[in-house]
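Numbers for residues simply follow the sequence, beginning at 1. The figures that follow rest on heavy atoms only: side chains count, while hydrogens, waters and symmetry mates do not.
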Amino acid sequence: MSVRNLRQLLAPKSVALVGASERPGSVGATVWRNLLEGGFKGTLFPVNPKYQTLGGHRVWTDVADLPQAPELAIICTPPSTVPGIVRALGELGTRAAIVMTAGLSSARDLRGRSLKQAMLDAANPYLLRILGPNSSGLLAPGIGLNASIAAGGAASGRIAFVSESGAMMTGVLDWARTRGIGFSSFMSLGESADVDFGDVLDYLASDPGTGAILLHVESLRYARKFMSAARAAARSKPTLMLKAGRSIESATAAACLSGVLARPDDVYDAAIRRAGMLRAYTTGQLFAAVETLARAKPLYGERLAILGNGAGPVLLAQDALQHGGGLPARLNEDTVRRLRELVPEWSGVGELNLRGDAPPERYRDAVEVLLKDPEANAVLIVHAPNAVVDPADVARALAPLARSSSRNLLACWLGGQSVLAARTIASEAGMPAYRTPEEAVNGFLQIVDYRRNQNLLMQVPASVGDGEPDRERARALVRTALARGHYLLSDPETKAILDAYGIPTVPTLSAATPEKVVRAASVLGFPVAVKILSPDIDQKSDVGGVTLDLESPEAVRAAAERMRRRLAELRPDARLDGFIVQEMARNPEAHELIAGAATDPVFGPVILFGQGGLAVEVAGDSAVALPPLNTVLARELVGRTRVARQLAGYRNHPAADMDAISAVLVQVARLVAEVPEIVELDINPLLADSRGAIVLDARMRIAMADRSASTLDRLAIRPYPAELEETVDWDGGHILLRPIRPEDGQAHVAFFNALTPDDVRYRMFVRVRELQPAQLARFTQIDYDREMAFIATRPNADGIDETLAVGRVVADPDNVSAEFAVTVRSDLKGKGLGVMLMNKLIAYCRARGTREIVGEALPQNAPVIGLVKKLGFTVGPVDEEEGVRKFWLTLR
């Protein structure tokens, strides 16, 4: 990921248009006209040997003739010319270019390279960033830059819109102009040969002029890069994605049900949720999201109060709220009493209809009452035009409330021409304005979804349990199977691997003949279940390959013989490798679930959960998530299925053990992350009840792993880096230096509470009495791909791990500079913990290739300043403007 030279792309001070023209209908003419009409205050350099002047500007014959290096160049010339132009621009000193030319991927140069690769090769030596090729350009309305082929410009605002599709870009622009929606930036990525979604997200996340980010995505190539950037962006501002291609099915053949059930679009949905973003499923939702995000305020609850001047439209809004899973406001008695004073005919329940003749003052007074009710977290006005009341007057009456209230006030103005003025007044007052009740409710639900996703990021998970998995045993079992040519593992083989990761399984033995089946049953004890073992049969019950509740040796032998004959009759082509003998799991109260894993071509391994059993495909009740998982994420995955309601308990059925189910999912995620040979895994059924969860049947597909790449490269989110753990001697004992984990939340709170007020101020530069949930999550739930926090920890007298010190380093997206901070518990200072953590941070940064480590401290924080001097840092003088001393250490 890189934001290098993106400032020149998105906020240039000078622009060259290579291929500028006045030929009607040409790309060069369209872009040149937009550059002139956009009001760009910087310098423009048209380049084309066919002209001497264009629009009163001198035209330059060639890039090499330009009097200075333009910060941004726009190229709209034939494909064969692009690589040479890019090289000339790089030599001149230009560091960003928009390539609008299409056809570079299919055309070849004399060396046999695609022209797209030749273009990249020409740009790389100069770190020249390229937007495109086949880009429709970009707009930066705040500086008057319209470097696009769009028919018109855009108003300035705080929303950034990024699309692969040029047609989508121009369509949204046209729509936004009719709504008065403004943008901080607007761009078409085209083929994303260089600058892609991850790069742009990193830039926009730190852009103070951008308040919300909208993405239109057709496909992604670098999932890890995208997820890191998306998670960082979504933590700082609303980020929303419209994903095209929802109906595209996976092209990968699957041997396990999990591979069939984990559809590509479901995986994208899981990635969007995991990053804390919002998803729009239709263009209409995206447009509504633009309207909402442009004016939305923070939401502190999920209940919506709806009122209007007609029962029908209000009921439509209420139906949309219920259908979308939203919550209506629960009005308190005082609110109901005051509203009945305004609308005497209202019963106090049901739709709040102000009546068609309601004057603007009644709207204002009713909304004012609702905004004071703590159970009305947002208010929606639904107004239908009539000849009695001017909608514009209603909007004027509500505008002061919209401006002053800390809650969201939304408005639906039904109709067309007659409500245009009302919509304009509402929008100018910061009130999202919609055309239909359903659109308005969807806008509110998008704010709710964003809040839920953000809250999920703030949850601190509990520990799964004690003990580490036996990774080496699991890996050895997989290696042995591969050496034997086994790629689709049997139930016993799969269970042996699951057992190495502490996943409970029903005791199972395999037997080659009916006689050995009897011996195996005697070892396990009666009753038992016997099943055929065949690599050619997916559903054993389809060929009579399962017999349950066998109580005697005679019954076991007869069942095995019968199943062997039955298989030969129904599937003479199928191989019979023997039989599986299991302890009989008798529990009519248990839920049959499916848990498993699949490999997505974009995001890598994914975890699946849902309703299991024989009807798993018919039930269509499953959800997917990206590994790694913790208990919070595992519960959230379960909660997205319909079977979750049954697991919560009903009538005389107690709730299932959610801790046990979550533990299985966490360990499955851990297994597929740490054993890269696993391609697919089915646990079906996973039996769960109030006493726990246990694997009844399982199968696994494995393949040789790509050893040319890191094991972790296949994961969209880097898991906990256990390889960085280190046990060291300290203070007469041993302590563990390791990366921080989300489960460290409680220990981190105790660590913070043990700091003196001065130590807190030295760390945060302000006085903080307690850690807020958002701060705690930010400190303990980190992206290991771009930041690191090491803690020094040991068990206390009660055997509970305590945090003694924390060292943290955050690198920029280009890994050029990393900022560090070290905090030692106040009662443990002067014992070497700070030096220990600093040395570990420095070694970590060196290993990652970071160029320098930087930090800052208050001038009176002598211990830290003394520490960094001993470690070779250069310490600068007091920065009078910021009131801190800065220090840095060059690593390479």
Side-chain angles (χ1 to χ4, degrees), residues 2-22 26-78 80-101 118-133 135 137-149 153 185 187 190 193-195 199-200 203 207 209 814 816:
S2 177
V3 296
R4 190 172 299 172
N5 296 330
L6 289 192
R7 198 278 302 164
Q8 289 91 327
L9 177 70
L10 291 161
K13 298 175 182 176
S14 56
V15 178
L17 175 59
V18 185
S21 174
E22 62 181 7
S26 67
V27 173
T30 301
V31 177
W32 180 244
R33 182 180 65 250
N34 283 341
L35 285 170
L36 292 176
E37 295 177 355
F40 181 60
K41 299 297 189 297
T43 307
L44 294 176
F45 299 106
V47 179
N48 193 325
K50 298 179 181 179
Y51 300 95
Q52 291 186 332
T53 61
L54 278 175
H57 287 72
R58 175 184 172 180
V59 180
W60 303 86
T61 303
D62 188 78
V63 167
D65 296 332
L66 292 173
Q68 67 182 70
E71 289 199 335
L72 171 65
I74 307 163
I75 303 173
C76 45
T77 60
S80 61
T81 66
V82 172
I85 292 171
V86 168
R87 183 176 297 105
L89 287 166
E91 291 172 351
L92 189 63
T94 298
R95 294 296 176 258
I98 302 171
V99 179
M100 295 185 167
T101 307
M119 172 192 70
L120 293 174
D121 291 344
N124 285 342
Y126 309 102
L127 299 178
L128 192 156
R129 307 305 305 277
I130 292 177
L131 181 67
S135 168
L138 66 82
L139 297 90
I143 60 172
L145 177 65
N146 183 352
S148 77
I149 60 171
S185 56
M187 73 186 73
D194 173 24
V195 176
D199 299 324
V200 175
Y203 180 87
D207 176 26
D814 293 316
V816 172

Which distance, rounded to the nearest 0.5 Å, do you find between the [atom1] of [X] and the [atom2] of [Y]?
{"X": "Thr101", "Y": "Ile74", "atom1": "OG1", "atom2": "CD1", "result": "11.5 Å"}
{"X": "Leu128", "Y": "Leu120", "atom1": "CG", "atom2": "CG", "result": "10.5 Å"}
{"X": "Lys50", "Y": "Thr61", "atom1": "NZ", "atom2": "OG1", "result": "13.0 Å"}
{"X": "Met187", "Y": "Leu9", "atom1": "CE", "atom2": "CG", "result": "6.5 Å"}
{"X": "Arg129", "Y": "Asp199", "atom1": "CZ", "atom2": "CG", "result": "4.5 Å"}
{"X": "Arg58", "Y": "Gln52", "atom1": "CZ", "atom2": "CD", "result": "9.5 Å"}

Test item: [X] and [Y] side chains (from C-beta on) under 4.5 Å apart, heavy atoms:
{"X": "Val15", "Y": "Phe40", "result": "yes"}
{"X": "Glu22", "Y": "Trp32", "result": "no"}
{"X": "Leu92", "Y": "Leu66", "result": "yes"}
{"X": "Asn146", "Y": "Glu37", "result": "no"}
{"X": "Tyr203", "Y": "Ser185", "result": "no"}
{"X": "Ile98", "Y": "Ile75", "result": "no"}
{"X": "Met100", "Y": "Ile149", "result": "yes"}
{"X": "Leu44", "Y": "Leu36", "result": "yes"}

Looking at [Y], is its backbone amide N or carbonyl O close enough to the side chain of [X] to form a donor-acceptor pair, meaning the two atoms are under 3.5 Å apart?
{"X": "Ser26", "Y": "Ala29", "result": "yes"}
{"X": "Lys13", "Y": "Ala11", "result": "no"}
{"X": "Asp207", "Y": "Gly209", "result": "yes"}

So that I can tick it off, tell me whether Glu71 and Arg7 are bridged by a salt bridge, with the cut-off set at under 4.0 angstrom between side-chain N and carboxylate O.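 Judged by the 4.0 Å cut-off on N to carboxylate O distance, Arg7 and Glu71 do form a salt bridge.
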
Between Asp121 and Arg87, is the closest basic N to carboxylate O distance under 4.0 Å?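 The answer is no: the pair does not qualify as a salt bridge.
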
Take Val82 and Val99 through the test side-chain contact (heavy atoms from CB on, under 4.5 Å) and record every step on the way to the result. CA-CA 8 Å; Val82 172; Val99 179; 4.1 Å; yes

Please give me the minimum heavy-atom distance between [X] and [Y], naming the atom from each residue.
{"X": "Leu17", "Y": "Gly28", "result": "CD2-O, 3.6 Å"}
{"X": "Leu131", "Y": "Leu138", "result": "CD2-CD2, 3.7 Å"}
{"X": "Ala96", "Y": "Asn5", "result": "CB-O, 4.0 Å"}
{"X": "Leu89", "Y": "Ala73", "result": "CD1-CB, 3.5 Å"}
{"X": "Ala123", "Y": "Ile130", "result": "CB-CD1, 3.7 Å"}
{"X": "Thr77", "Y": "Ile85", "result": "OG1-CD1, 3.4 Å"}

Walk me through whether Val195 and Val200 qualify under side-chain contact (heavy atoms from CB on, under 4.5 Å). CA-CA 7 Å; Val195 176; Val200 175; 3.6 Å; yes

Between Pro12, Pro70, Ser14, which is the residue that forms a side-chain contact (heavy atoms from CB on, under 4.5 Å) with Thr94?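 Answer to the side-chain contact (heavy atoms from CB on, under 4.5 Å) test with Thr94 among Pro12, Pro70, Ser14: Pro70.
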
Determine whether Phe45 and Gln68 satisfy the following criterion, side-chain contact (heavy atoms from CB on, under 4.5 Å), listing intermediate values before the conclusion. CA-CA 10 Å; Phe45 299 106; Gln68 67 182 70; 3.6 Å; yes

What's the verdict on side chain to side chain donor-acceptor pair (under 3.5 Å) for Tyr51 and Ser21, showing C-alpha distance, side-chain angles and the deciding distance? CA-CA 8 Å; Tyr51 300 95; Ser21 174; 3.3 Å; yes

Arg4/Leu127 under side-chain contact (heavy atoms from CB on, under 4.5 Å): CA gap, chis, key distance, verdict: CA-CA 8 Å; Arg4 190 172 299 172; Leu127 299 178; 3.4 Å; yes

